[in-house]
Number of protein chains: 2
Amino acid sequence: MKTKSSNGGGLAKSLDGATKSVTMREVAQAAGVSVKTVSNVVNDYEHVSEATRRKVNTAIEKLGYVVNVSARNLRLGQTGVISLVIPDLQLPYFAQLSSLVIGEAKKLGLHVIVEPTLYSREGEIDALHGSRQNLFDGVIFSPLELGQEDVDQLKVDYPLVLIGERIFTNTVDHVATENVEGAKRATSYLIQSGCRRVAVLGVHPGEKVGSAGLRFQGYREALEENGIEFDERLVAPAGMWHRVDGVNAMNELLDGDARPDGVVALNDMLASGAMHAIQMRGLKVPDDISVIGFDNSDDSQYLSPPLSSIAPGLEAVARLSVRVLRDRIDGKTDVLGVGPGRHVFRKVSSALVVRGSTKPLE
Amino acid sequence: MKTKSSNGGGLAKSLDGATKSVTMREVAQAAGVSVKTVSNVVNDYEHVSEATRRKVNTAIEKLGYVVNVSARNLRLGQTGVISLVIPDLQLPYFAQLSSLVIGEAKKLGLHVIVEPTLYSREGEIDALHGSRQNLFDGVIFSPLELGQEDVDQLKVDYPLVLIGERIFTNTVDHVATENVEGAKRATSYLIQSGCRRVAVLGVHPGEKVGSAGLRFQGYREALEENGIEFDERLVAPAGMWHRVDGVNAMNELLDGDARPDGVVALNDMLASGAMHAIQMRGLKVPDDISVIGFDNSDDSQYLSPPLSSIAPGLEAVARLSVRVLRDRIDGKTDVLGVGPGRHVFRKVSSALVVRGSTKPLE
DNA sequence: TTGTAAGCGTTATCAT
DNA sequence: ATGATAACGCTTACAA
C-alpha cells in the first residue's frame, strides 16, 4: 500500500498546484530513456526489451506517474467516454439498464456519463445536439418524448445507438426488445394455464409504437392465436405505470361486470398494484386470479407471491448497444455482421420467468 | 434546425476522419481575428467589443465550431468530470442519490461518471486508488464495504467528499444524514399518535455505525424519551432490507406473543412488506397497526395506504456534496464556512413525511 | 530497439 | 480591445 502520504496512483491534480503531476518526460529522465520509450511501455508496445521495460516501470512506480488522459485524448481525438441518454434514472427499468451499460462499458475500457432527460423533449434534443462538448465518443439514446416523427433528429455526425421502441428507422444502429412477442408469450401462458378471461392492465389507447402499444398488440395477437375472443371490458387503460395505477385499474376491473381470471400487467409496478387490489378483496393470487408482469424488475421476486414476469433481456440490450457503439467509434465497417453503409437492427429476445403469481401449465 | 446534413453542433468526430472537426484557428481565420479573440468570445471574456463578438459568433455558427474539450482540459488541468462511487445503482436509494447528484453537477457545469462498486471491497478501494486515469477532478464516495477501520483509505491526494454513515473522520469532507434523529422522530411520532407497542423492523444485531445501527439507536432513544420500556420481543432483525424480508419479519412479529400496534421499518421496502403481511391477515393499516418507513423512496407514496416515511434529505446531500467538491477542486480555502486545513462535516436534516399509514396525532 | 521532434487545440502571458 | 506565441503532456512518423 505504499507510503502513507503518497496514496496510490493519484487522480487529477487540483489546478491550484497542490500536486504537480509527474510527466512522461520526468519518468524518461529518471529511467535514462526517451519519452517515446516510456510511451511504448505505458501502451504495452511489443518491441521493448525486458530490461528497458523494467527500468521504466521502476521509474514509473517510484515517481507515481499516471498518464494524463486529457493529453492522450487530445492527441488521439477520443475520450473513452460514452453518454447514456435515458428518461429517468430513478425508474427501476432505467437504473437497471444504466447499471448494465456501465458494466459492459467497463469491460471495454469505456466510461459512461448518464444523462437523464427527465421527461423533457428539450432535454432529449439537447442531449443529441446540444453543444455537449466533444466529451463523448458516442451516445446510446433511449428516447421517450421523441417519437417516430422526430426521426430526423437522429441524423447526427457521431456514433449513435438507438434503443427502445419509440422510433424505428434504418438510418441508425438500433437495439430493440421484444415487446410484442413478450406480451404475447405472457398472455399465451396464462391461457395455457387455464385462464379464459385474461385482462390487460396499463393500455394507452390509440398508441401504436412505444412499449404500451406494442405490448397491447402482443396481448391481442395471443388471444387471436388461441381462439379467444377479444373483450373490450377486460382492457384497463392506465396512463402512468406506477403501483397505484395498477391498484386503481384492477379495482375498476373487479368492479366491472366481466371478472377476469388472469391479468397481464404491462409492467411490474402495475402488476404489484393489481395483486394488492386482488388480495385486498380476499381473493387469492394465483388461485382466483393469475397475474403476470413485464420487465422482471429486481423487486418482482420479492412480492407475495413472487411475480411471474417477462424478462426483456436488458443484459443483451446493454451488451449489444455498447459493443456496436464501440465498433462504430473504432470505425469498424463491419459491425455485428452488417456491412458498410448499413445499420444494425437487433431485437433482443425476451423470456418468461415463471414464479408464484401464475398457475402451472395444465 | 439548420441544414439537414450538418446536424446541430456536433460532438466528437470519430477518429476515422469521418468528420474533421473545426478548430479555433479556422474560426479565427473566417472571422478575420486572432485565435485569442475567438477564445475570449467562447469563454465569455468581458472585454470584447460587441462588433467582434458578433463577427466571431457568426463564424462559429457558420462553421459549426465546437470547443475541443480534450484540448481545454489539457490546458486547464481539469476535466469537468467527477466520479460518484456508490454500492449499487439499482437500489432505489442510490439511484435517487445519483439522479440528484447528476442534476446538481449539471447546474455547476460538471459531468458525473457513476461507478457502482457492487458490494465489493476491492471495488471500493479500486475506485479510490485504482489507476483511474486523472479523468476525474474529484470523487464523491459512498462506502458500504469499507468501514471505520479503513479510514486511512480515505487519505487521498485529490478532492474527495465522503457521504453516508459508515465512516467518521475529520480528515475528509463529509456529508451525513440524520439516521439517529430520523428514526427517533419516526418512533416518537408513532408513540404520540397513540401507539404503545412499537416494533422495529430490519435491525442488524450488534451493528453500531451504519444505517441499521444508527436507526435502531434512534428507535431506542425515542422509547426512552417517551418513558416506554424497551421490549426485546418487538425487535425484528433482518439482514437484507428487501420487501420479502419485511414480510417475513412482520409475520414473525405477528406470530409472537407481543403484538405491536405500530411498526418502525428501517427502510421503505421493509415497510412495504410489513404492510402486506399485516393486510394479509385481515388487519388494517393504520387502524390496527401503524407503519412508518425510512428513505421516503419514490414508491412509498404509491402504496396502499400511502406510506408515512422519513425523508433523509437526499437533495441536500447531493447539493452539499457536489458544492463542497467543486469548491475543493477550485482550490477554495474556505468551504461552507470552514477555514483552511479543516474539513467540512455536515449532517443533513431529515423530515417526517406523514401519509396514510399512520394515525393522526392525538 | 530506441531517440527526435512535430503537432493535437486550447488558454494565458505578454505586448501593443 | 486584440494579437503573437509559448506551453499543457501525449502519440507517432521518421530517423538512427
Side-chain angles (χ1 to χ4, degrees), chain A residues 10-17 19-56 59-60 63-80 131 133-135 137, chain B residues 10-15 17 19-56 59-60 63-80 133-135 137:
Chain A
L11 298 213
K13 69 278 141 188
S14 37
L15 193 59
D16 55 326
T19 318
K20 192 82 182 94
S21 72
V22 185
T23 75
M24 266 194 178
R25 175 182 256 87
E26 302 177 64
V27 175
Q29 207 145 29
V33 299
S34 82
V35 197
K36 173 61 170 22
T37 306
V38 179
S39 174
N40 283 343
V41 172
V42 170
N43 296 299
D44 286 323
Y45 181 63
E46 302 180 88
H47 307 296
V48 181
S49 76
E50 255 321 305
T52 359
R53 189 181 297 276
R54 224 190 314 279
K55 258 195 309 187
V56 172
I60 288 180
L63 301 180
Y65 169 77
V66 189
V67 53
N68 180 320
V69 191
S70 294
R72 172 183 282 173
N73 289 344
L74 172 57
R75 187 55 228 245
L76 260 36
Q78 292 190 185
T79 65
S131 16
Q133 29 238 24
N134 34 11
L135 214 182
D137 291 340
Chain B
L11 297 213
K13 68 279 142 187
S14 39
L15 192 60
T19 317
K20 193 84 183 93
S21 73
V22 185
T23 75
M24 268 195 176
R25 175 182 255 89
E26 301 177 65
V27 174
Q29 206 145 31
V33 299
S34 83
V35 195
K36 176 60 172 23
T37 306
V38 179
S39 175
N40 283 342
V41 172
V42 170
N43 296 297
D44 287 322
Y45 183 63
E46 302 180 89
H47 307 294
V48 180
S49 76
E50 256 321 305
T52 7
R53 190 181 296 276
R54 223 189 316 279
K55 257 196 309 187
V56 172
I60 288 179
L63 300 180
Y65 167 77
V66 189
V67 54
N68 180 321
V69 190
S70 293
R72 171 183 283 174
N73 289 346
L74 172 57
R75 188 55 232 241
L76 261 35
Q78 293 190 187
T79 64
Q133 29 237 25
N134 36 9
L135 215 181
D137 291 341

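Quick note on labels: first sequence line is chain A, next is B, and so on, each numbered from 1. Because the structure is predicted, anything quoted here is derived from the model rather than measured.
Considering only the side chain of Met24(A), dT11(D) comes nearest among dT2(D), dT11(D), dT10(C). In the set dC10(D), dT10(C), dT2(D), dT10(C) carries the atom at the smallest distance from any side-chain atom of Val67(B). Among dT2(D), dT10(C), dT11(C), the nucleotide with an atom closest to any side-chain atom of Ser39(B) is dT11(C).
Phosphate contact (OP1/OP2 of dG9(C), side-chain N/O of Thr23(B), threshold under 4.0 Å): absent. Within the structure, every side-chain polar atom (N or O) of Thr52(B) is placed at least 4.0 Å from both OP1 and OP2 of dA1(D). Residue Thr37(B) places at least one side-chain N or O closer than 4.0 Å to OP1 or OP2 of dG3(D).
Counting heavy atoms from C-beta outward, Met24(A) and Val42(A) have side chains that approach closer than 4.5 Å. Counting heavy atoms from C-beta on, the side chains of Arg53(B) and Glu50(B) come closer than 4.5 Å. Under the 4.5 Å side-chain criterion, counting only non-hydrogen atoms from C-beta, Asn40(A) is in contact with Lys36(A).
Spacing between atom CD of Gln78(B) and atom P of dG9(D) amounts to 14 Å, rounded to whole angstrom units. Atom CD in Glu46(B) sits about 14 Å away from atom P in dT2(D), given to the nearest Å. Atom CZ of Arg25(B) is separated from atom P of dT11(C) by 14 Å (rounded to the nearest Å). Per the geometry, CG belonging to Leu76(A) stands 13 Å off C1' belonging to dG9(D), to the nearest Å. Atom CD in Glu26(A) sits roughly 13 Å away from atom C1' in dC8(D) (whole-Å rounding). When rounded to the nearest whole Å, the span between CG of Asp44(B) and P of dT11(C) equals 12 Å. Atom CG in Asn40(A) sits roughly 9 Å away from atom P in dG3(C) (whole-Å rounding). Rounded to whole Å, atom P of dC10(D) lies 14 Å from atom CG of Leu135(B).
Across all strands, Val48(A) comes closer than 4.0 Å only to sugar-phosphate atoms, never to a base (heavy-atom distances). Counting any heavy atom pair closer than 4.0 Å across all strands shown, Val33(A) reaches sugar-phosphate atoms only and no base atom. No engagement by Asn73(B) is indicated, since no non-hydrogen atom pair under 4.0 Å with the nucleic acid exists.
Side-chain N or O atoms of Thr79(B) include one that pairs as donor or acceptor with a backbone N or O of Leu135(B) at under 3.5 Å.
Under the side-chain contact (heavy atoms from CB on, under 4.5 Å) rule, Val27(B) has a single partner from Thr37(B), Val35(B), Val38(B), Val33(B), which is Val38(B).
Residues Lys36(A) and Ser70(B) each lie close to DNA chain C; by heavy-atom proximity, the contact nearer the 5' end of the strand is made by Lys36(A). Both Ala71(A) and Tyr45(B) lie close to DNA chain D; mapped to their nearest nucleotides by heavy-atom distance, the more 5′-ward contact belongs to Tyr45(B).
For Arg75(B) against dT11(C), a side-chain-to-base donor-acceptor contact under 3.5 Å is present.
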